[in-house]
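To start, the structure itself, in structure tokens.
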Amino acid sequence: MGLKQTIRSLDAFPRTEEHLLQKTQSGALVSVVGLVIMATLFIHELTYYLTTYTVHEMSVDLKRGETLPIHINMTFPSLPCDVASIDAIDLSGKHEVDLDTNIWKLRLNSHGHIIGTKYLSDLVENKHTTRNHDDKEHHDGSAKKPHKFSFDKDAENMINKVKKALENGEGCRVYGVLDVQRVAGNFHISVHALNIYVAQMIFGGAKHVNVSHMIHDLSFGPKYPGLHNPLDDTVRILHDTSGTFKYYIKIVPTEYRYISKEVLPTNQFSVSEYFSPMNEFDRTWPAVYFLYDLSPITVTIKEECRSFLHFITRLSAVLGGTFALTDRWMYRLIKALTTPSARGAYR
């Protein structure tokens with residue numbers, strides 16, 4: 001008998017307790033509450049199981065010979081499109097002035113509404129217009145004066161057109177894609193493509209060039225889920241002053257691997273900025289510079305899904321725990337509060 005009694009004590013499925021066989025209003029209330037809790041927890045666990053998560057890995061960047069795409073979308077509310085230009089230079093020595101490939105600009109009125117669009121081109125350079133090809137002289141505002149300097153009628157018309165645009169408060173929205181070499185460098189938006197004497201005649205000095213700007217989008221590749229570009233929606237407005245903005249950008253090569261095994265090569269970046277106000281002794285012209293450098297480390301972001309076994313384990317735990325709680329403790333609590341003897345004892 002001792003052995004049989006011991007084996008019987010190991011029974012994990014004993015007879016149901018008497019109170020579980022009785023149908024009562026309190027039991028029905030406990031059942032409804034338990035079902036609601038279990039349904040809520042089931043939906044939560046199912047959503048958690050179906051949601052992917054990301055894993056980050058780092059490795060040395062081995063890419064060579066590829067180009068770096070730079071997506072630009074900016075507004076210059078006080079700089080007419082006729083004088084705005086994009087220049088780029090990198091550590092390899094490549095220097096491009098007034099880039100016009102895959103770059104577009106929209107003329108804006110004083111209220112920011114579009115009044116015209118055109119492909120970026122150099123409005124000063126033509127067979128009748130004198131242009132200063134010495135970029136260093138233009139950047140440092142050299143005071144050298146030629147013995148003779150004159151403009152033809154086309155140049156004078158352009159100058160008058162830009163002056164009128166400035167009087168009307170015209171601005172410019174610049175957008176497009178720059179494909180640069182995958183080395184450190186910078187690109188900037190300014191009036192540097194203009195002949196220095198033309199710029200002087202239009203603005204009357206560097207202090208009158210207003211490079212206030214709004215960055216709607218600046219990125220170095222396609223966007224992936226969860227990516228935040230720190231310069232998006234940046235606004236820098238100048239009042240009664242001018243100067244040069246410099247954004248120092250650190251680019252981190254990134255690969256995003258979807259759950260479908262599709263790979264999206266892109267880049268993320270961090271940035272710090274600096275503003276240098278103009279003074280009467282400056283020999284430079286205002287501009288908005290983006291100075292970028294690339295990290296030697298590549299970040300790989302992988303989408304992962306949770307295992308089905310993990311889902312079943314968590315589901316069993318929460319549903320079983322909820323059933324045990326409502327079956328035993330909640331029932332006893334409700335019964336204690338609803339029976340007449342219990343209410344009398346509380347009085």
Side-chain angles (χ1 to χ4, degrees), residues 56 58-76 79 84-105 120 135-136 138-139 172-193 211-224 226-236 243-256 264-276 284-301:
H56 292 66
M58 293 187 294
S59 60
V60 176
D61 183 20
L62 301 178
K63 295 179 181 177
R64 295 293 180 271
E66 298 183 7
T67 59
L68 178 68
I70 304 175
H71 300 261
I72 306 171
N73 189 352
M74 299 178 63
T75 294
F76 292 83
L79 196 65
S85 69
I86 300 179
D87 309 331
I89 186 171
D90 58 44
L91 289 183
S92 69
K94 186 177 181 181
H95 189 183
E96 298 179 272
V97 179
D98 197 12
L99 293 168
D100 59 1
T101 303
N102 297 326
I103 298 295
W104 292 81
K105 64 181 179 180
L120 274 179
D135 194 60
K136 180 179 179 181
H138 180 78
H139 278 267
C172 187
R173 184 162 185 169
V174 180
Y175 68 97
V177 181
L178 296 176
D179 285 315
V180 299
Q181 297 186 79
R182 201 177 180 82
V183 294
N186 78 78
F187 68 94
H188 52 276
I189 302 174
S190 65
V191 298
H192 290 166
V211 291
S212 297
H213 58 278
M214 293 171 281
I215 304 175
H216 308 290
D217 174 57
L218 181 71
S219 58
F220 296 84
K223 294 184 178 181
Y224 59 84
L227 174 65
H228 171 69
N229 293 320
L231 283 179
D232 287 359
D233 301 320
T234 297
V235 178
R236 297 292 180 267
T244 296
F245 291 89
K246 292 184 178 181
Y247 296 96
Y248 297 90
I249 297 173
K250 192 69 173 182
I251 301 173
V252 181
T254 304
E255 282 188 353
Y256 192 90
L264 178 67
T266 184
N267 300 276
Q268 52 185 319
F269 67 93
S270 62
V271 65
S272 59
E273 64 177 286
Y274 173 74
F275 173 71
S276 175
T284 59
W285 287 77
V288 179
Y289 282 86
F290 297 90
L291 303 98
Y292 57 88
D293 193 9
L294 285 94
S295 169
I297 301 299
T298 294
V299 175
T300 301
I301 305 175

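Note on ring orientation: taking the six-membered ring where Trp is involved, the planes of Phe187 and Phe290 are parallel (angle under 30°, cut-offs 30° and 60°).
Using modelled atom types, no side-chain atom of Ser276 and backbone atom of Tyr274 make a donor-acceptor pair closer than 3.5 Å. No side-chain donor-acceptor contact under 3.5 Å links Asn73 to the backbone of Ile215. Thr266 places a side-chain N or O within 3.5 Å of a backbone atom of Pro222 that can act as its donor or acceptor partner. For the pair Asn267 (side chain) and Phe220 (backbone), a donor-acceptor distance under 3.5 Å is present.
Residues Gln181 and Leu68 approach most closely at O-CB, 4.4 Å, considering heavy atoms.
Considering only heavy atoms from C-beta on, Pro253 comes within 4.5 Å of Arg182 through its side chain. A 4.5 Å side-chain heavy-atom check between Tyr224 and Thr254 finds at least one atom pair inside the cut-off. In this structure, Leu294 and Val183 have side chains that are not in contact, with every pair of non-hydrogen atoms separated by 4.5 Å or more.
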**Asked** Under the side-chain contact (heavy atoms from CB on, under 4.5 Å) criterion, do Val288 and Phe76 qualify, and how do the steps go?
**Response** CA-CA 10 Å; Val288 179; Phe76 292 83; 3.9 Å; yes

**Message:** I'd like to know whether Ile103 forms a side-chain contact (heavy atoms from CB on, under 4.5 Å) with Ile86, so could you lay out the CA-CA distance, the side-chain angles of the two residues, the decisive distance to 0.1 Å, and finally the verdict.
**Reply:** CA-CA 9 Å; Ile103 298 295; Ile86 300 179; 3.8 Å; yes

**Message:** Go through it in stages, so that I can follow the logic: the residues are Ser59 and Thr298, the test is side-chain contact (heavy atoms from CB on, under 4.5 Å), and I'd like the CA-CA distance, side-chain angles, deciding distance and then a yes or no.
**Reply:** CA-CA 5 Å; Ser59 60; Thr298 294; 4.2 Å; yes

**Request:** Tell me, with the steps shown, if Asn102 and Leu178 meet side-chain contact (heavy atoms from CB on, under 4.5 Å).
**Result:** CA-CA 7 Å; Asn102 297 326; Leu178 296 176; over 6 Å; no

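Applying the side chain to side chain donor-acceptor pair (under 3.5 Å) criterion to Ser295, with sequence neighbours excluded, gives no partner residue. Here Phe275 pairs with Phe245 under the ring-ring contact (aromatic ring centres under 6.0 Å, His included) rule; sequence neighbours left out.
Here NZ of Lys105 is found 13.5 Å from CD1 of Ile72. Values are rounded to the nearest 0.5 Å. Here NE2 of His71 is found 10.0 Å from NZ of Lys223. Values are rounded to the nearest 0.5 Å. Rounded to the nearest 0.5 angstrom, Arg173 CZ and Met74 CE are separated by 11.0 Å.
When only modelled atom types and interatomic distance are considered, Ser190 and His192 share a side-chain donor-acceptor pair under 3.5 Å.
For the side-chain contact (heavy atoms from CB on, under 4.5 Å) with Ile249, the lone residue among Ile70, Leu291, Leu231 that qualifies is Leu231. Tested against His188, the residues Tyr247, Trp285, Tyr289, Tyr292 include a single ring-ring contact (aromatic ring centres under 6.0 Å, His included) partner, Tyr289.
For residues 287-300, the pairs satisfying salt bridge (charged side-chain N to carboxylate O under 4.0 Å, His left out) are Lys250-Asp293, with sequence neighbours left out.
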